Enquirer: 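My questions will all concern the structure given below.
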Amino acid sequence: MSAESPLTVASPNSEPSTTRTLLVVDGHSLAFRAFFALPVDNFSTQTGQATNAVWGFATMLAQVIDAEHPDHLAVSFDVKGGTFRNQLLPQYKGTREAAPEELLTQLPLIQRMLTALGVTYIEKPGYEGDDIIATLATMGDREGYHTLVLSGDRDAFQLIDENVTVLYPGHHFKDLKHMTPQAVVDKYKVTPQQYPDLAALRGETADNIPGVPGVGDGYAAKWLNQYGSLDSLCEHADEIGGKKGEALRENIEQVRLNRKVNALVRNVDLGVAIDDLTFGDVDVAALNELFKDLEFGSRTRSRVLKTFGNGVAASAKATRNGGSADSNGPADTGEGLEPLRPTAIASAADFGSWLETHRPQVAVPDEVAQFTVRDYADDDRHAVCGNAVDHAWTIAAWGDARPGRSTLQTLAVAVGDDAALIAAPIDEALRESLQTFLDEEHGRAIVHGYKELLHLLGAAGLDMDLPMFDTKLAGYLAQPDFHADDLAEAAEHFLDIHVEEQARPAQGTLDFEDEAPEPEPDEDRLRDLAIIHGLAHTLGPIIDEREQCWLMRAVELPVSRVLHGMEHIGAAVDQQRLNAIRDEFAADADMAQTMAWQFAGSDINLQSPKQLQKVLFEDMGLKPTKRTKSGSYTTNAAALQSLYERSLDNERANGFLGALLRHRETNKLRQIVQTLIDATNRSDSRIHTTYEQTVAATGRLSSTDPNLQNIPNRNASGREIRSAFVAGEGYSSLMSCDYSQVELRIMADLSGDEALIEAFRSGADFHKYVASMVYKVPVDQITGDQRSHVKAMSYGLAYGLSTYGLAQQLGIAPREAEALKNRYFDTFGKVHDYLESLVASARRDGYTETIFGRRRYFPALQSTNRVARDAAERAALNAPIQGSAADIMKIAMIRADRALAEAGVTSRIILQIHDELVVEVAPGEVEQVTALVSDAMEHAVDLAVPLDVSCGLGADWQLAAH
DNA sequence: GTATGAACGTA
DNA sequence: CGTACGTTCATACG
């Protein structure tokens, strides 16, 4: 979940009521939930103190108070040391004891915050928080209160009655379910009083309490409704037949014990009266001090003060903190958006004088500004930069950054509270002084999206060497799974600042020629500048702390520059050839469609799965194979193929399916070619894709508008499309260079598996060699099947492939796949250990890391949902491998680009397809360029195994294949 | 007009 | 019942 999205309560209790309301909070439960709902890395202080649970606790509590308006409030906590429950059941909460250190250190902070807020918290040795809650609820009940219990522990359900409601967090922390007697009956089919009986039967995994095996909520409820209570059920245990009855009888002692343990104590001596549990007497000074320590911003503080400052016992509030929230001013933590003072720049002279008055504010140390990468050696990896962001220039530009046709509207340079706004068009004198400024100061600048900035600057004839910091790239490194579409979203996510949507014309993607897009108002631009500065302030320390500065400055930023060049140049296509290919596919598709319609007997839309389902499974009565995830019958190619093979005796169905399959394939290809035709720039006959550098969670690039990373390559007819990608004017050929088995080589290196390393060093046919090791037969006796099975196994490794999946893919029995897997891991034991260790460390640390320190976080590893957890395990297995391969390719691109530039050749990289680079080669440069690019790729990184690169050359992309 | 699901292309 | 993406079309929604 997003760290800053306001936590809202599902159904606020807005009924005006004369009854007083008491809110009791299970402090541990709330802290626990907050800790796991919010990414700890966004919430920690410079000194490394985690604060996510404190922040979540404060926000959530404020939210509930705003929604429910309780008159009285208390928070309960567990105390260290066991309770009577541990004596009854030694393993009680055994699985929970492993509360992360980072959470435990926050509990005292939460209590300190509660004290500052004037909220009573209660802990009692020998009892759990739940017992305190039960006691308070019981006291409240007696004294005529309506009690709300905020707890994520289902044991609290036994307290529910007409006057006690449990607020129970749902899947999303922010969705609170109001558990009333009726809600309990609806969900569990038993009354709240019966709930502990049900829980005793079922057990509670979270508390390490075993129930009756095979008995869940359903059976437990059925029995309880039959026999009325657990006692009565136990007496009649012999009457229950079947496996479940047997299981019940075997575990009846455990169940009785469970029931004793889950009964909450309602008469703990707390030494307080409900009437004393007021709140709102806030000690503002103490709160300020705490929030300063925690580095919470003014926004969080005023949010909390707004709620607690209005409590019923706020007698002192008016005098004590009436104005202090404002008089302190916005906290200088970067959270408040200081409005910037704009200066309009219209000439070189304007800019010169603005610059001279503002230059003194910039204080970036030379060693930071002049950061250069000698080579990708380890000694640079600890470089820092985030400490300098507060005293740097912010440079931003607005306009249309589409590669090949970008236009600049406005350029801005800001520092401190001041911003210079430069509107296009820019005259030559101003352009020159701007260029001089950029040449001198690029290393002291923060930007948001260096690649896009280069496109915009380029539209005005400007260029900018590497900046110090890029907040877009930094945000991506900090949280690769989060993707903001614009600055406002990034601000919301990272800064907890809500920027209201400005009414503005639709994003100018399809703007008409004669209708110039309305320029964004200055306020929007000043706001954007402030956001960029705020992002740098927040993200800089995170990047430094994780030692990812090197990754940003030596990898991501330089690769941005390379990508900008590739996008700007584009890939030349042969328009005639594209048209011819399109026409051919279109004719085939039309023919197949006509044929399909004849067999079907009606002109259905062959692209509508719904209409296909009707024809295939209703009209023709075919037996469906698989279902889609939404429950309908799939009509995907695999299903159609198997239907086709099973319908040889049904002429009509067989004919229809054959035509349909043919239509699917050719129509898809037609559509792909048409997309390429539409995406071709008329003026230069080239296609300018956009590479997304901050989208793929593993660190890979992606390609959009159009996607040039998914041009068909697997079968001959699709591959034809590649023949339309050609060398452009002034160039003679295309060269394609790709890595072979990078991911496997990375696994060999990282696992240190001697056998696999040897397989790569031998230089033989890799898969054959591996097969011979797995099957223990000489290489020349390996059959085709053996080779392909081992090949599939090797590739499946990095995906967390299951034996079932392997069997499916190879068309063999699961037993055989299992045997293959065992033999494989017998041979390559360290690979197995390595893959296991990846998941283990992800579970321990919360994230995985690539060779170069790129992280990816996996909160879903903590999920109680098996499907979600298993998926997260596979992703955690894959991320460092796919990610390291992506890192290596990025480094290779930077090296290759630099090598080509330093050699003074005109040949250039135009495409990247994950493990392949396509280079447009100028006449007479073939040999030199081949050597430079393959060397750059082969030596991007030094692994225990060689990196193998193969290059091919040809007049077009298809012919360049090798 | 926007969002979703199914399908399918790549590494 | 392997990972990572982007695009298209149909369909359902407001």
Side-chain angles (χ1 to χ4, degrees), chain A residues 480-481 483 506 510 604-613 626-640 660-661 663-676 678-679 689-715 717-719 721-722 738-744 792-810 814 817 821 835 838 848 856 858 866-867 870-883 885-886 889 911-917:
Chain A
D481 282 280
H483 176 71
L510 281 175
I604 63 158
N605 184 347
L606 298 180
Q607 293 177 118
S608 161
K610 206 179 160 189
Q611 295 179 36
L612 286 180
Q613 282 155 16
K626 281 178 68 180
R627 288 175 182 274
T628 65
K629 66 176 173 191
S630 67
S632 56
Y633 295 122
T634 181
T635 65
N636 67 21
L640 296 182
L660 178 58
L661 279 161
H663 178 263
R664 273 273 171 85
E665 186 180 340
T666 51
N667 194 50
K668 175 87 182 176
L669 294 171
R670 180 196 60 76
Q671 177 265 110
I672 290 172
V673 179
Q674 186 61 51
T675 306
L676 293 176
D678 295 341
T689 185
T690 297
Y691 288 100
E692 294 291 345
Q693 204 183 337
T694 60
V695 166
T698 51
R700 272 190 175 184
L701 303 175
S702 72
S703 159
T704 64
D705 196 23
N707 182 353
L708 294 186
Q709 290 180 323
N710 72 343
I711 305 301
N713 196 20
R714 282 181 187 161
N715 59 52
S717 58
R719 199 152 42 228
I721 299 174
R722 296 187 170 218
D738 64 65
Y739 282 116
S740 38
Q741 307 115 359
V742 238
E743 302 194 346
L744 277 166
M793 177 73 210
S794 292
Y795 277 112
L797 286 179
Y799 298 145
L801 183 60
S802 64
T803 51
Y804 178 92
L806 185 65
Q808 193 90 350
Q809 193 187 318
L810 294 172
K821 188 177 167 183
L835 295 172
L838 286 177
T848 61
R856 183 175 176 190
F858 293 94
R866 204 191 80 252
V867 179
D870 287 355
E873 285 183 4
R874 292 190 298 267
L877 188 93
N878 174 262
I881 299 167
Q882 188 183 119
M889 180 50 112
L911 296 174
Q912 188 254 41
I913 307 96
H914 307 305
D915 63 0
E916 172 188 7
L917 290 180

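Protein chains get the first letters and strands the later ones, always in sequence-line order, with residue 1 at the start of each. Note: hydrogens, waters and symmetry copies are ignored here, and every other heavy atom, side chains too, is used. The structure presented is a predicted model; accordingly, all values stated were derived computationally and were not measured.
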Enquirer: Looking only at side-chain N and O atoms, does T803(A) come under 4.0 Å of OP1 or OP2 in dC1(C)?
Expert: no
Enquirer: Please work out if I711(A) contacts a base, only the sugar-phosphate, or nothing of the nucleic acid, heavy-atom cut-off 4.0 Å.
Expert: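 Result for I711(A) = sugar-phosphate.
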Enquirer: Just checking, any donor-acceptor pair under 3.5 angstrom between side chains of D678(A) and Q674(A)?
Expert: yes
Enquirer: Considering just the side-chain nitrogens and oxygens of N713(A), establish if one lies under 4.0 Å of OP1 or OP2 belonging to dG9(B).
Expert: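 No, no such contact exists.
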Enquirer: Do T698(A) and Q882(A) have side-chain atoms, one donor and one acceptor, less than 3.5 Å apart?
Expert: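 A donor-acceptor contact under 3.5 Å links the two side chains.
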Enquirer: Please map the stems of DNA chain C, keeping only stretches of three or more Watson-Crick or G-U wobble pairs with both distances under 3.5 angstrom.
Expert: B:1-11 with C:3-13
Enquirer: Tell me, with the steps shown, if T689(A) and Y691(A) meet side chain to side chain contact (heavy atoms under 4.5 Å, CB included).
Expert: CA-CA 6 Å; T689(A) 185; Y691(A) 288 100; 3.6 Å; yes
Enquirer: Does R874(A) pair with D870(A) as a salt bridge, N-O distance under 4.0 Å?
Expert: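 No, no charged N to carboxylate O under 4.0 Å.
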Enquirer: Taking only side-chain N and O atoms of S630(A), does any of them lie within less than 4.0 angstrom of OP1 or OP2 on dG5(B)?
Expert: no
Enquirer: Would you check if L606(A) and I604(A) make a side-chain contact, meaning some heavy-atom pair closer than 4.5 Å?
Expert: yes
Enquirer: Using a cut-off of 4.0 Å between protein heavy atoms and nucleotide atoms, how would you tag nucleotides 3-9 of chain C 5' to 3' with B, S and -?
Expert: BBSSSSS
Enquirer: Can you find a side chain N or O atom of R664(A) that sits less than 4.0 Å from OP1 or OP2 on dC8(B)?
Expert: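 Looking at the OP1 and OP2 atoms of dC8(B), one of them is under 4.0 Å from a side-chain N or O of R664(A).
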Enquirer: With rounding to whole Å, what would you report as the distance between dT4(B) and dG2(C) at their P atoms?
Expert: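 Approximately 26 Å lies between the P atom of dT4(B) and that of dG2(C).
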Enquirer: Can you see if the side chain of R714(A) gets near the phosphate of dT10(B) - specifically, an N or O under 4.0 Å from OP1 or OP2?
Expert: yes
Enquirer: Given side chains that start at C-beta, do those of S717(A) and E665(A) come closer than 4.5 Å, heavy atoms only?
Expert: yes
Enquirer: Let me confirm one number: the OG1-NZ distance from T635(A) to K626(A), rounded to the nearest 0.5 Å.
Expert: 13.0 Å
Enquirer: Would you find a donor on one side and an acceptor on the other, under 3.5 Å apart, between the side chain of R722(A) and the backbone of I711(A)?
Expert: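 Pair found, side chain donor or acceptor close to backbone of I711(A).
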